[in-house]
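Worksheet: one structure, shown below.
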Amino acid sequence: MGKAIIFMIFTMSMNMIKAETCKSIDKGPVIPTTPLVIFLEKVQEVALQTYGHNRFDAKLFVDMSLRKNLSETIEAFNKLPRIVNGSVSKSDLDGFIGSYLSSPDEDLVYVEPVDFVAEPEGFLPKVKNSEVRAWALEVHSLWKNLSRKVADHVLEKPELYTLLPLKNPVIIPGSRFKEVYYWDSYWVIRGLLASKMYETAKGIVTNLVSLIDQFGYVLNGARAYYSNRSQPPVLAAMIVDIFNQTGDLDLVRRSLPALLKENHFWNSGIHKVTIQDAQGSNHSLSRYYAMWNKPRPESSTIDSETASVLPNICEKRELYRELASAAESGWDFSSRWMSNGSDLTTTSTTSILPVDLNAFLLKMELDIAFLANLVGESSTASHFTEAAQNRQKAINCIFWNAEMGQWLDYWLSNSETSEDIYKWEDLHQNKKSFASNFVPLWTENSCSDNNITTQKVVQSFMSSGLLQPAGIAMTLSNTGQQWDFPNGWPPLQHIIIEGLLKSGLEEARTLAKDIAIRWLRTNYVTYKKTGAMYEKYDVTKCGAYGGGGEYKPQTGFGWSNGVVLALLEEFGWPEDLKNDC
């Protein structure tokens, strides 16, 4: 029987188990949201009924703030005249919003970055082509467009806002994303370092550390409704990169306690999974698991509609947790998380041990060991060096597939409790090729095992079908979800390119440069055609931005700008290399 069929049978049986156990109550933790968020979700629901789906953005309504106190606002909202289906007339809703709510644009205000100069000294010395250099300077100038600080009125009365009152200026992604996001910030910082904007980069890290101090982990984004999930953990990597450029030991000392808290968050409770390998040895790995089982507030009407086909509240709650957990992964949404790639309701994120999350955590452990050594905390450094060695072994035992030459996500046989010890079986590895299968290249010593060679991984990547004319596709499944084919996303391009470079293999370096040229070229050509940098790109053709998912294509764009600048710093652009398609 073919491996794909075996995996399909396994995932079908998973769905049957889910259906049979749906009588049980969802047992995962739930961190309550705020009364303000709950109220704004009701406004969002009524707004959809009133305005209709055309150009409706659910996030806009939970990003609004109050002009008056919450109880007065709720009272006025409840008094709005209702028509037959419970909706409100457009004029009445417009009047209510105008009187009681404010646009989110007023909560973050423009601020000139303190360290921005039009052309920094030593900026991208390897870029020799004058047209590409002019473009790079335009991308560099976009940091000014995306620079914001929390308005004084938010700091004075934070209870009226879903925006969290961060103290330092931020770089926002752009368009509908008007707040700072966790893993976006890593690639923003990589670009800021190329732009010599060290103080802005440090300020972003300080903001994220403050979230750990308050919540125990970095939130998905700086909004009250993100308090029940995180995002891929890359804060330690930000601090290491900033230190390597600036030598700022004070930043390291101030940040280290927060990094220890974040590491505990990802390695305890519902995130921690124990799995026994084929030789009987136990390993600890981690998974995404949101602390929420209702519709995501920023997409409440969308999630409710998605779940409407399910027969009971129990199955709906399970789906809401799985969708929120997929959002925690950053890959929202993708067939990678679904047992049936064409059906979003089969999203099963908490039943999957993800390759990329555990590679990020391996890098975190290595980075914490490095940072602890810098400030003389040798026992902490030893602890995390050992933790990294254990995780590296677990990654290679549980995820590595020698036949494919890739690290593969592992599906758990059930996910009812976090105390179970799961037993590894080959059929539970997901044999599909995803860009995330190659994230372990980004960490040191990923190919240190005698049975795993960089050459084998490079050959597997080349034959996987993921490399397209304009970059790396996330998956090979065209489902209409934004983290599926044909979209390519900046962070995975950069991770794989940098991972190939770290290997030291000439063949890998040549491949890394080839991918970088493809990605830079499509960014350049799209910018020249549209005047904008995009969140994602269609990698099947040069000069096309991406689509799909639950919102229209977004411009700005923080991590896209950062990856372009980081790649130009690494590879440059020769005078004679053509820059068009």
Side-chain angles (χ1 to χ4, degrees), residues 36-37 39-67 77 80-108 145-146 148 161-163 172-179 181 184 220-221 223 225-226 295-309 323 326-327 332-333 344 479-484 486-487 489 526-527 529-538 544-558 560:
L36 174 58
V37 170
F39 167 67
L40 291 174
E41 282 187 85
K42 292 176 183 174
V43 176
Q44 179 195 104
E45 182 183 355
V46 170
L48 178 60
Q49 292 174 332
T50 300
Y51 300 135
H53 284 88
N54 187 34
R55 302 186 68 176
F56 181 82
D57 187 350
K59 185 177 184 296
L60 169 66
F61 297 93
V62 291
D63 288 356
M64 289 179 171
S65 57
L66 304 186
R67 295 180 185 272
F77 181 74
L80 289 173
R82 306 283 167 152
I83 13 188
V84 180
N85 64 352
S87 65
V88 174
S89 72
K90 184 177 183 301
S91 60
D92 284 340
L93 188 57
D94 286 346
F96 170 80
I97 290 174
S99 298
Y100 288 90
L101 302 178
S102 295
S103 163
D105 293 329
E106 300 173 18
D107 304 340
L108 274 170
N145 297 0
L146 298 172
R148 300 285 189 278
Y161 305 87
T162 61
L163 185 71
I172 60 171
S175 296
R176 75 195 289 266
F177 299 111
K178 304 176 191 300
E179 54 283 311
Y181 282 80
D184 294 57
N220 183 142
R223 290 273 177 189
Y225 53 74
Y226 287 139
R296 293 166 298 144
E298 76 278 15
S299 303
S300 184
T301 52
I302 299 169
D303 286 358
S304 296
E305 187 175 337
T306 300
S308 64
V309 300
L323 293 175
D332 45 330
F333 295 106
L344 187 58
T479 65
Q481 299 299 338
Q482 64 171 351
W483 280 83
D484 275 327
N487 287 340
W489 290 76
T526 306
Y527 184 87
K529 287 198 296 189
T530 67
M533 295 291 290
Y534 283 81
E535 175 190 35
K536 55 186 178 283
Y537 292 83
D538 178 346
Y545 56 80
E550 60 186 37
Y551 54 81
K552 67 180 184 179
Q554 302 294 296
T555 60
F557 197 89
S560 303

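When reading the values below, keep in mind they use all heavy atoms of this one structure, side chains included, and skip hydrogens, waters and symmetry mates.
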Between the main-chain N or O of [Y] and the side-chain N or O of [X], is there a donor-acceptor pair closer than 3.5 Å?
X      : Y      : answer
Gln554 : Arg176 : yes
Ser89  : Asp92  : yes
Arg82  : Val88  : no

Where does the angle between the aromatic ring planes of Phe39 and Phe96 fall among parallel (under 30°), tilted (30 to 60°) and perpendicular (over 60°)?
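If you compare the ring of Phe39 with that of Phe96, the planes turn out perpendicular.
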Give the ring-plane orientation class for Tyr181 versus Tyr226, where under 30° counts as parallel, over 60° as perpendicular and anything between as tilted.
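The arrangement is perpendicular - the two ring planes meet at more than 60°.
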Crowded around Phe557 CZ? As in, over 12 foreign heavy atoms under 6.0 Å?
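It does: Phe557 CZ has more than 12 such atoms within range.
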Which heavy atom of Glu41 sits nearest to which heavy atom of Ser300, and what is that distance?
OE1-OG, 3.0 Å
I need the minimum non-hydrogen distance between Arg296 and Ala327, along with the two atoms involved.
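Residues Arg296 and Ala327, closest heavy atoms: CD-CB, 4.2 Å.
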Do the side chains of Glu535 and Trp489 get nearer than 4.5 Å, heavy atoms only?
yes
Side-chain heavy atoms of Tyr161 within contact of Glu106, under 4.5 Å
no
Is the gap between the ring centers of Phe177 and Tyr551 under 6.0 Å?
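Yes - the distance between ring centres of Phe177 and Tyr551 falls below the 6.0 Å cut-off.
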Between the side chains of Ser87 and Thr50, is a donor N or O closer than 3.5 angstrom to an acceptor N or O?
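No, Thr50 and Ser87 have no side-chain donor paired with an acceptor closer than 3.5 Å.
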